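A short write-up of the structure that comes next.
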Protein chains: 2
Amino acid sequence: MDLLLVEDDAMLGQAVELGLSERQFNVQWVRTGAAAISESQRVNYDVVVLDLGLPDLDGSRVLSSLRKKGQVLPILVLTARDDSSETVKLLDLGADDYMIKPFDMNELAARLRALVRRQRGYATPELSCGPISLDELNFQVLVNQQPVNLSKREFELLRAMMAAPERVHSRDKLEQIVFRNEQQVESNALEVHVHNLRKKLGNKEWIQTIRGVGYRLACG
Amino acid sequence: MDLLLVEDDAMLGQAVELGLSERQFNVQWVRTGAAAISESQRVNYDVVVLDLGLPDLDGSRVLSSLRKKGQVLPILVLTARDDSSETVKLLDLGADDYMIKPFDMNELAARLRALVRRQRGYATPELSCGPISLDELNFQVLVNQQPVNLSKREFELLRAMMAAPERVHSRDKLEQIVFRNEQQVESNALEVHVHNLRKKLGNKEWIQTIRGVGYRLACG
DNA sequence: CTGCAACTTAAGCTTTCCTTAAGTCTTTAT
DNA sequence: ATAAAGACTTAAGGAAAGCTTAAGTTGCAG
């Protein structure tokens, strides 16, 4: 995660750089507003941490200047002033968030993650197992990046097993999941779905049969 | 700007409702976490204000529950606890911002504006997806630079899906959006509009059907 | 008032999916 | 080795979901 830190104070800058680097941010640190503006045009950062009270430009100038140039990246402002009218102004000027010094590094990191997360749009939580990935929300299954079209039952089946790969899932449990309460099945419907699923996934070994018990998903 | 307020305390709820209404928010106020979850699925809000410490569900439960259901709308959490580890948890759980009670109404409004602004994206009020681009303000849709004439319903439909391409949009939600509150639809009107939209877009594969669920826009 | 465009509804059609059942293959136990 | 049980494969019939078309309404503009 590429982060631009705009901070003139050496002590604080170093502390923030270190603290955020430890938390998996890739920090680029500049000391002046002018540098911030040019740097943010040179490289595509994910997020900016901007201290007010820079030597050359007022921080709020930097802020509005960035926005005027069409920068859309999230900006978090650091301020010493706990002045509500000031902070309202900042937010309306285009800041996405602010923190008052002194602040907690964990919270700063969390706020930054939240900003970036929002900016990117939520990556939907995906289940994955080897080359198979399954997006529960969007009903999409990829095998080696290629979309695979599954029917509802097949999807349910795969999802149930992907919730716990490498583990044995009993027939009973799987039938319950796939057929909800719709009716008791007393045919081999489950086996048929397993068969079709195997075919669609393209590798029959991924779904192993545990004779007399159930199935296990084993990929990669 | 449609806002969902989740607050069980009558005094505070009324105060927030009033304060935000005065500031041009269109506030819908619910008292329980359960109501929040169902309401947010029924209507498309721009932003949520969520108080922790609800009677039925813990606020953080509501939060993660919304996120798991794929809600991407911005959520600001109100909390009484000034506990940094708690707030970090909230942010990582999917909150976009929080405020500690008591708070300043102007700042709340400013933070909410900032969230909505970011959600919509600053730069272009234009949505795009592959060769399709959609200008919300001018009601114009281009496919490969060529203008396409859509009716109001078709436009709404496309806009809703372009707000989140690659993502499944349930029939319910789409009907909600396309038919507003006008009446309950109990015909296949949605399907007809989808059909007409596909035809006008010129490529039937861009709008995929997810059987039993809804539709997904997939272009490029 | 008239005409056009957009919208809704309904009916029939197509596609996809699910279940069932029968036959085959594989494993296990005797 | 052989029988029995469990699992696999295949195909057919039917049900469900979605698609298409067309007719009837509505509403707005000329």
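Since the model is a prediction, treat every value here as computed from it, not as a measurement. Side-chain atoms are counted along with the backbone in the values below, which use heavy atoms only and exclude waters and symmetry mates. Just so we're on the same page: letters track the sequence lines, and every chain starts at 1.
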Strictly by modelled atom types, are B:K173 and B:H169 linked by a side-chain donor-acceptor pair under 3.5 Å?
no
May I ask you to verify if any side-chain N or O of B:T209 is less than 4.0 angstrom from the OP1 or OP2 atom of D:dA17?
no
If I take atom NZ in residue B:K152 and atom P in nucleotide D:dG27, what distance separates them, rounded to the nearest angstrom?
12 Å
For DNA chain D, determine which residues of residues 194-202 of chain B have any heavy atom closer than 4.0 angstrom to one of its atoms, and list them numerically.
B:H195, B:R198
Check whether any side-chain N or O of B:R23 sits under 3.5 Å from a backbone N or O of B:G19 as a donor-acceptor pair, and report yes or no.
yes
Residue met sooner reading DNA chain C from 5', once A:S151 and B:S151 are mapped to nucleotides
B:S151
Whole-Å distance between D:dT9 P and A:L190 CG?
13 Å
Here the distance between atom P of C:dT15 and atom CD of B:E205, to the nearest Å, is 15 Å
Would you say D:dA7 has OP1 or OP2 under 4.0 Å from some side-chain N or O of A:R171?
yes
Which listed nucleotide (C:dT9, D:dA7, C:dC18) is nearest to the side chain of B:A189?
C:dT9
For the residue pair B:F155 and B:F139, does the interplanar ring angle fall in the parallel (under 30°), tilted (30 to 60°) or perpendicular (over 60°) class?
parallel
Tell me whether the OP1 or OP2 atom of C:dA6 has a side-chain N or O from B:H193 closer than 4.0 Å.
no
Distance check needed: D:dG27 C1' versus B:R153 CZ, whole Å only.
12 Å
Hey, is the side chain of B:Y215 poking within less than 4.0 Å of OP1 or OP2 on D:dC19, counting only N and O atoms?
yes
Under 3.5 Å, is there a donor-acceptor pair linking the side chains of A:R153 and A:N196?
no
In B/S/- notation, 5' to 3', how is nucleotides 21-30 of chain C contacted by protein heavy atoms closer than 4.0 Å?
BB---BBS--
Using the test salt bridge (charged side-chain N to carboxylate O under 4.0 Å, His left out), find all partners of A:E166 that sit at least two apart in sequence or belong to another chain.
none
Protein-nucleotide distance (B:L150, atom CG; C:dA5, atom C1'), rounded to Å:
14 Å
Determine whether the side chains of A:Y215 and A:E191 contain a donor N or O and an acceptor N or O closer than 3.5 Å.
no
Can you measure from CD1 (B:I207) to CG (B:L158) and round to the nearest 0.5 angstrom?
6.5 Å
For the pair made of CD in B:E191 and P in D:dA17, what is the distance, rounded to whole Å?
11 Å
Within 45 degrees of the ring normal and closer than 6.0 Å to the centroid, is that where the cationic atom of A:R111 sits relative to B:Y98?
yes
Whole-Å distance separating the CG atom of B:L157 from the P atom of C:dA6
15 Å
Specify the residue among A:E154 and B:N149 whose closest nucleotide of DNA chain C lies further upstream toward the 5′ end.
B:N149
Starting at CD1 of A:I207 and ending at P of D:dC8, how long is that distance when rounded to a whole Å?
10 Å
Near B:D104 CG, under 6.0 Å, is it more than 12 heavy atoms from other residues, nucleotides or ligands?
yes
So, does B:N203 use its side chain to make a donor-acceptor pair with the main chain of B:E205 at under 3.5 Å?
yes
